[in-house]
Amino acid sequence: MSWETVIGLEIHAQLSTKSKLFSGGSTEFGAESNTHVDLIDMGLPGVLPVANREAFYKAIRFGLATGAEINQVSSFDRKNYFYPDLPKGYQITQMTKPIVEKGFIKVVTDEGEKEINITRAHLEEDAGKSIHDLFEGETGVDLNRAGTPLLEIVSEPEISNAKEAVAYFKAIRQLVTFLDICDGNMAQGSMRCDVNISVKKSDDKELGTRAELKNINSFKFIEKAINYEIDRQVRLIESGGTVVQETRLYDSDKNETRSMRSKEEANDYRYFPCPDLLPVVISDKELQNIKDNLPELPEEKENRYISEIGLEESEAKIISSSKAMANMFEEASSKTDDLKLVAKWLVGDVSALLNKDNIEIDESNLSPENFGKLIKRISDNTISGKIAKSVLEEIWESGSDVDEIIESKGLVQIQDESLLEEIAKKVIDSNPGQVAAYKGGKDKLFGFFVGQVMKETQGKANPKSVNEILKKILTRQ
Ligand code: ADP
Ligand code: MG
């Protein structure tokens with residue numbers, strides 16, 4: 001009997017609100033320690049939290065985009081535990097009545113398409129951060145992050161392997177960034193995930209005992225940690241042991257998981273309704289307003305690119321694969337009329353450079369404005385495609401303005417037909433052998449003449465004009 005893997009993910013997405021979930025403290029990343037801290041975030045007694053409505057609106061967008069039920073009355077509970085980075089001694093979360101329940105998302109893997117059900121998505125506050133490596137023998141606490149709104153997205157235990165888990169995470173990340181509710185920045189911790197894993201024999205009705213891997217924040221590590229953990233559990237059971245329910249830590253240096261603590265049960269946390277906060281009621285009007293203003297989602301974008309702009313399906317897929325790509329395409333498109341050319345360069349040369357450097361487009365030196373201008377300079381014949389390639393490479397390195405590069409390097413395309421004719425004649429005169437062979441029926445040599453003219457002009461001739469001029473001269477001779 002073969003083993004089956006069962007995985008459920010809890011993804012924490014930091015909602016991109018300006019202020020925190022219950023205070024006016026700023027959520028900006030990277031500020032000096034303990035400078036974005038309100039009295040509420042510090043957990044001082046006698047101050048009362050006020051729920052940030054914008055966080056609810058963002059959570060609702062997620063619910064609507066995943067076909068979920070929206071609880072127009074939802075409430076907050078306290079989850080009690082002690083940790084130095086949690087000064088109140090409890091985290092405010094939504095246990096009994098989350099804002100979002102019962103959604104689903106489509107996930108595409110090599111094996112095809114699958115819908116993964118989302119049990120719930122609830123709002124909760126983030127904790128602060130303990131810093132262990134800054135002070136010798138002491139731990140620092142930075143409360144800047146304390147109270148930052150998180151949307152915890154909990155999947156059903158329906159994911160079947162490591163690749164599917166990564167695809168699910170990617171689909172959630174794509175969705176939250178398109179919805180503009182989370183920046184998706186994994187390096188800064190805007191998205192983190194806990195992975196629950198168990199194994200069972202295929203004909204077992206009951207799920208196996210799970211281990212939970214905490215706070216993994218890269219796609220690569222999710223996949224590796226899961227595969228390690230599956231292997232560990234199967235080997236443990238096959239050698240007569242049993243899996244215990246526990247929280248484990250993934251050590252990426254050693255590529256192994258280690259036990260952190262035995263798994264706590266919900267009642268260990270002494271959950272109870274937060275007496276400081278009333279239930280939050282979302283009116284029909286508010287809900288309708290959010291529905292009416294939902295941003296365009298990846299699939300809708302893809303379809304529109306195909307039907308309205310006439311892009312190839314493969315191009316439309318790549319461009320709508322991330323918010324940053326779609327932005328690049330749409331903003332660059334406002335600078336030129338030739339949208340198909342924008343798409344062709346984005347999917348072709350630009351993507352090749354992205355792959356080479358292994359970066360996302362918003363991490364590159366290419367701004368949408370500069371990219372749009374580059375395409376315009378190709379379509380208005382200022383520069384040839386060949387020159388454009390080198391201009392793009394220059395932008396990639398320096399981020400310089402397209403027109404400045406063209407001007408300072410003297411790259412403007414030769415428009416002067418008589419000059420091109422002169423060069424073409426020179427090429428023909430100095431290659432009598434090839435001319436004779438061409439006339440004798442070796443048609444392929446035509447490309448040779450074009451190449452020679454391009455060489456003479458350092459790529460600055462318009463290939464179309466060169467073709468026409470050469471044809472004219474060669475048939476006349
Ligand atoms: P907790 O909040 O204590 O972590 P939950 O019951 O809310 O527990 O489940 C958390 C996650 O664990 C969910 O994503 C769920 O799908 C997943 N999960 C639950 N049981 C299993 C199991 N036996 N194997 C794998 N994943 C599981
Ligand atoms: Mg959990």
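Ligands are counted one by one from 1 in listed order, and the atoms in each one are counted from 1 as well. Here the structure is a predicted model, which means the values were calculated and not measured.
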**Request:** Look only at the side chain of Asn52 and the backbone of Ser19, and say whether a donor-acceptor pair between them is shorter than 3.5 Å.
**Result:** yes

**Asked** So is there a nitrogen or oxygen of Gly208 less than 3.5 Å from a nitrogen or oxygen in ligand 1?
**Response** yes

**Message:** Just to be sure I read this right, does ligand 1 sit under 4.0 Å from the backbone of Glu158, its side chain, both, or neither, counting only heavy atoms?
**Reply:** neither

**Message:** Please compare Met95, Lys79, Lys200, Glu10 and report which has the shortest non-hydrogen distance to atom 4 (O) of ligand 1.
**Reply:** Glu10

**Asked** Can you check whether Val166's main-chain N or O pairs, donor with acceptor, with Glu223's side chain at less than 3.5 Å?
**Response** no

**Asked** What atoms of ligand 1 come closer than 4.0 angstrom to any heavy atom of Val154?
**Response** 13 (C), 14 (O)

**Request:** Examine distances only and state if a side-chain atom of Asp401 and a backbone atom of Glu404 form a donor-acceptor pair shorter than 3.5 Å.
**Result:** yes

**Prompt:** Would you say Pro157 and ligand 1 have an N/O pair spaced under 3.5 Å apart?
**Reply:** yes

**Item:** Proximal atoms of ligand 1 relative to Leu207 (non-hydrogen, under 4.0 Å)
**Value:** 22 (C), 23 (N)

**Prompt:** By number and element, which atoms of ligand 1 are closer than 4.0 Å to a non-hydrogen atom of Glu212?
**Reply:** 4 (O)

**Message:** With respect to Asn196, determine whether any N or O atom, backbone or side chain, lies less than 3.5 Å from an N or O atom of ligand 1.
**Reply:** yes

**Complete:** ligand 1 atoms nearer than 4.0 angstrom to some heavy atom of Val6 are 24 (N), 25 (C)

**Asked** Where the side chain of Thr177 meets the backbone of Gln174, is there a donor-acceptor pair that is under 3.5 Å apart?
**Response** yes

**Fill in**
Smallest heavy-atom separation, Lys97 atom then Val73 atom, equals CG-O, 3.8 Å

**Message:** Within the structure provided, determine whether Glu331 and Glu369 are in side-chain contact (heavy-atom separation under 4.5 Å).
**Reply:** no

**Heavy-atom donor-acceptor pair, Asp77 side chain to Thr96 backbone, under 3.5 Å** = yes

**Asked** Just by distance, do the side chain of Lys301 and the backbone of Glu296 share a donor-acceptor pair under 3.5 Å?
**Response** no

**Asked** Heavy atom under 4.0 Å from ligand 1: found in Leu9's side chain, backbone, both, or neither?
**Response** backbone

**Prompt:** Glu156 heavy atoms, cut-off 4.0 Å: which ligand 1 atoms fall inside?
**Reply:** 16 (O)

